[in-house]
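First the structure, in the form of structure tokens, and then the observations on it.
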Amino acid sequence: MPVTVVGLSQPAVALAAGFYHTCAILLDGDIECWGDNVRGQLGDGTREDQTTPVAVQDLPDDTAQLAAGRYHTCALAIDGDLYCWGSSSRGQLGTGSLESSRTPARVTALGTDAIALGAGEEHSCAILQTGTVRCWGSNRDRQLGEGSPGLYSIPQLVIPNRLAGATTPYAS
């Protein structure tokens with residue numbers, strides 16, 4: 001049965017749910033998160049679980065989108081900056097390191113070109129203004145769209161389908 005989330009400081013306009021945590025973008029663009037925080041995925045600077053929403057620290061208050069993975073969270077600012085926090089054991093923060101962060105860390109390799117984002121269990125992806133897609137984190141099952149399995153802590157260009165221009169039985 002659904003329950004009302006108690007403790008948000010303002011009305012929520014968007015949500016993202018991870019493995020055992022949830023985050024909300026509030027009306028003013030701030031983010032508050034609650035739930036499991038074993039890897040710092042709530043972004044409040046601690047690893048303490050929270051039963052009520054807590055503010056994400058050190059994040060611009062102009063958030064446009066959120067995405068949550070198993071133990072990490074990412075936010076896209078209106079200006080195109082992308083920030084991630086929580087576990088980076090597989091490089092899913094995109095900071096060039098496998099070191100986790102309890103507060104938002106900017107994904108500097110993307111510049112300010114991101115327009116959309118997504119997160120999986122141990123990976124993250126962004127669509128850029130050019131229409132290209134870059135992904136980072138675990139590529140164990142080739143979920144990054146990059147040719148070889150491994151860990152990628154810096155955003156990788158998704159390899160376009162080499163058959164994209166080929167004629168298919170369904171093409172007219």
Side-chain angles (χ1 to χ4, degrees), residues 14-25 31 33-50 54 56-59 63-77 80-166 168 170:
L15 291 172
F19 197 54
Y20 290 122
H21 75 288
T22 306
C23 295
I25 300 175
I31 299 175
C33 300
W34 59 96
D36 180 70
N37 198 24
V38 69
R39 304 283 194 281
Q41 63 267 39
L42 301 185
D44 68 342
T46 75
R47 287 192 179 172
E48 296 175 21
D49 296 350
Q50 301 292 333
V54 292
V56 174
Q57 294 183 0
D58 305 325
L59 190 66
T63 305
Q65 294 178 35
L66 274 176
R70 183 173 187 160
Y71 294 118
H72 74 290
T73 310
C74 296
L76 175 62
D81 279 337
L82 187 63
Y83 298 85
C84 295
W85 59 94
S87 176
S88 195
S89 63
R90 302 286 184 252
Q92 62 266 46
L93 299 188
T95 60
S97 169
L98 299 181
E99 192 168 320
S100 298
S101 179
R102 297 178 195 172
T103 57
R106 188 165 171 261
V107 183
T108 57
L110 296 177
T112 59
D113 291 338
I115 59 171
L117 75 142
E121 183 176 354
E122 295 177 322
H123 70 287
S124 306
C125 295
I127 299 173
L128 305 183
Q129 291 175 6
T130 60
T132 60
V133 176
R134 291 194 178 262
C135 296
W136 56 96
S138 173
N139 197 33
R140 177 182 52 235
D141 298 313
R142 293 191 168 92
Q143 62 268 45
L144 302 186
E146 205 284 331
S148 56
L151 303 178
Y152 296 87
S153 62
I154 295 175
Q156 304 294 307
L157 181 64
V158 172
I159 298 172
N161 183 343
R162 289 180 175 87
L163 302 176
T168 67
Y170 305 105

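Within the 4.5 Å cutoff, the side chain of Thr95 has no heavy atoms near those of the Ser101 side chain. You'll find the side chain of Cys33 reaches within 4.5 Å of the side chain of Val56, heavy atoms only. Ile154 has its side chain out of reach of Trp136: every pair of non-hydrogen atoms, C-beta onward, lies at least 4.5 Å apart. Annotation: side chain of Arg102 is in contact with side chain of Arg47 (closest heavy-atom distance under 4.5 Å). With a 4.5 Å cut-off on side-chain heavy atoms, Trp85 and Thr103 do not count as touching.
Across all their heavy atoms, Gly35 and Leu42 have their closest contact at O-CD1, 3.6 Å. The nearest pair of heavy atoms linking Ala75 to Leu59 is CB-CD2, 4.2 Å. Minimum heavy-atom separation, Val107 to Pro155: CG1-CG, 3.8 Å. Of all non-hydrogen atoms in Ser89 and Leu151, the two that sit nearest each other are O-CD1, 4.2 Å. Scanning all heavy atoms of the two residues, the minimum distance from Leu98 to Ser153 falls at CD2-CB, 4.3 Å. Of all non-hydrogen atoms in Gly111 and Asp81, the two that sit nearest each other are O-OD1, 3.6 Å.
A donor-acceptor pair under 3.5 Å is absent between the side-chain atoms of Thr112 and the main chain of Gly80, judged by distance alone. In this structure, Asp113 contributes its side chain and Leu128 its backbone to no donor-acceptor pair below 3.5 Å. Judged by distance alone, the side chain of Gln57 and the main-chain N or O of Asp44 form a donor-acceptor pair under 3.5 Å. Looking at Gln65, its side chain never comes within 3.5 Å of a backbone N or O of Thr63 through a donor-acceptor pair. Between the side chain of Gln41 and the backbone N or O of Asp36 there is at least one donor-acceptor pair closer than 3.5 Å. Side-chain N or O atoms of Asn37 include one that pairs as donor or acceptor with a backbone N or O of Thr46 at under 3.5 Å. The closest donor-acceptor contact from the side chain of Gln143 to the backbone of Ser138 lies under 3.5 Å. Without hydrogens or angle criteria, Asp58 side chain to Pro104 main chain gives no donor-acceptor distance under 3.5 Å. Proximity of a side-chain donor or acceptor of Ser88 to a complementary backbone N or O of Ser97 within less than 3.5 Å is detected. In this structure a side-chain-to-backbone donor-acceptor pair under 3.5 Å is missing from Gln92 to Gly120.
For the atom pair CG (Leu82) and CD1 (Ile115), the distance works out to 12.0 Å, reported to the nearest 0.5 Å. One distance of note links CG of Leu93 with OH of Tyr83; it measures 14.0 Å at 0.5 Å rounding.
Atom CD of Gln129 has more than 12 heavy atoms from other residues, nucleotides or ligands within 6.0 Å.
Considering His123, Glu121, His21, Arg90 in turn, Glu121 is the only one that fulfils the side chain to side chain contact (heavy atoms under 4.5 Å, CB included) rule with Arg70. Val38 pairs with exactly one of Phe19, Tyr20, Tyr71 by the side chain to side chain contact (heavy atoms under 4.5 Å, CB included) rule, that one being Tyr71.
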